[in-house]
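As structure tokens, the structure follows; a few thoughts come after it.
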Amino acid sequence: ALTVSVFGLLAVLSTSVSQRTTEIGIRQALGASLAEILRLVSRQGLVLVLTGAVIGLGLALASASWIASLLHGVAANDPLTLLVAAGGSILIALPAILVPARRATAIAPAVALRSDA
């Protein structure tokens, strides 16, 4: 499930970058630095990941009584376990965020402005 979510995030962000090629080119032509472009795309990915983590934690807490029957030696609502799971998911998603963000910094403003997108 984690692998599917990482590749899904990568696909969503890659599609977003390709759809926003003209916007990114305009930003660069107006003087946006590569760091600002990187932040722009990374922020979008982090919002998606953090939203998913919050929803996942909420669902885990809501289904704690059912999960308790499946766990042995760990409480269903153990804060450390939940934080490690959410934190691990976020760390694993970071490369899926950085690949499209780095691709966005490679967009040449002149080419982006000439595109039909």
Side-chain angles (χ1 to χ4, degrees):
L2 188 59
T3 303
V4 171
S5 68
V6 167
F7 281 111
L9 179 65
L10 179 66
V12 166
L13 289 177
S14 293
T15 302
S16 174
V17 166
S18 69
Q19 290 175 345
R20 296 170 71 185
T21 300
T22 304
E23 174 196 347
I24 293 169
I26 291 170
R27 287 177 184 270
Q28 287 179 340
L30 292 175
S33 69
L34 295 181
E36 291 170 337
I37 301 297
L38 192 66
R39 258 193 311 273
L40 175 76
V41 177
S42 297
R43 186 179 317 123
Q44 180 186 9
L46 284 174
V47 165
L48 290 172
V49 170
L50 292 176
T51 302
V54 168
I55 290 171
L57 286 173
L59 289 173
L61 290 173
S63 62
S65 61
W66 177 73
I67 292 174
S69 67
L70 302 173
L71 299 174
H72 302 287
V74 178
N77 56 0
D78 180 37
L80 180 62
T81 303
L82 293 173
L83 287 176
V84 167
S89 298
I90 292 168
L91 285 176
I92 290 172
L94 286 179
I97 293 170
L98 292 177
V99 168
R102 293 284 300 173
R103 191 173 304 137
T105 62
I107 295 173
V111 173
L113 294 174
R114 273 187 256 142
S115 72
D116 255 353

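Every value quoted in this text rests on a predicted model; they were computed, and no experiment measured them.
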L46 vs L94, test: side chain to side chain contact (heavy atoms under 4.5 Å, CB included). Steps then yes/no. CA-CA 8 Å; L46 284 174; L94 286 179; 4.0 Å; yes

Which is it for L61 and L82 under the side chain to side chain contact (heavy atoms under 4.5 Å, CB included) test, yes or no, and what are the steps along the way? CA-CA 9 Å; L61 290 173; L82 293 173; 3.5 Å; yes

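With a 4.5 Å cut-off between side-chain heavy atoms of Ile, Leu, Val, Met, Phe, Trp and Tyr, the cluster of L80 takes in V84.
The salt bridge (charged side-chain N to carboxylate O under 4.0 Å, His left out) pairs that include a residue from residues 34-46 number zero, where partners must be two or more places apart or lie in different chains. Counting only residues at least two apart or on different chains, the side-chain hydrogen bond (donor to acceptor under 3.5 Å, both in side chains) pairs with a member in residues 78-93 are D78-T81. Residue pairs meeting the salt bridge (charged side-chain N to carboxylate O under 4.0 Å, His left out) criterion with at least one member in residues 82-101: none, sequence neighbours excluded. Residue pairs meeting the salt bridge (charged side-chain N to carboxylate O under 4.0 Å, His left out) criterion with at least one member in residues 2-31, sequence neighbours excluded, are R20-E23, E23-R27.
Legend: residues meeting side chain to side chain donor-acceptor pair (under 3.5 Å) with S33, ordered by chain and number and at least two apart, are absent. Scored by the side-chain contact (heavy atoms from CB on, under 4.5 Å) test, L50 finds I90 as partners (sequence neighbours excluded). Among residues two or more places apart in sequence or in another chain, the side-chain contact (heavy atoms from CB on, under 4.5 Å) test is passed with R102 by L38. For I26, the side-chain contact (heavy atoms from CB on, under 4.5 Å) partners two or more places apart in sequence, or in a different chain, are T22, L30, L113. Here S16 pairs with Q44 under the side chain to side chain donor-acceptor pair (under 3.5 Å) rule; sequence neighbours left out. Considering only residues two or more places apart in sequence or on other chains, I55 meets the side-chain contact (heavy atoms from CB on, under 4.5 Å) condition with T51, L59.
Connection of V17 to I37 is established within a shared hydrophobic cluster, with ILVMFWY side chains joined at heavy-atom distances below 4.5 Å, either directly or through further cluster members.
Within the model, atoms CD1 of I107 and OG1 of T21 stand 4.5 Å from one another, a figure rounded to the nearest 0.5 Å.
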Counting only pairs under 3.5 Å, give me each side-chain donor-acceptor contact of residues 2-14, with atom names and distances, residues two or more places apart or in other chains.
from: S5; atom 1: OG; to: A1; atom 2: O; distance (Å): 3.4
from: S5; atom 1: OG; to: L2; atom 2: O; distance (Å): 2.7
from: S14; atom 1: OG; to: L10; atom 2: O; distance (Å): 2.9
from: S14; atom 1: OG; to: R103; atom 2: NH1; distance (Å): 3.2

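Shortest non-hydrogen contact noted between A93 and V49 is CB-CG2, 3.7 Å. Summarising the geometry of P100 relative to V41, their closest heavy-atom pair is C-CG1, 4.2 Å, with the distance given to 0.1 Å.
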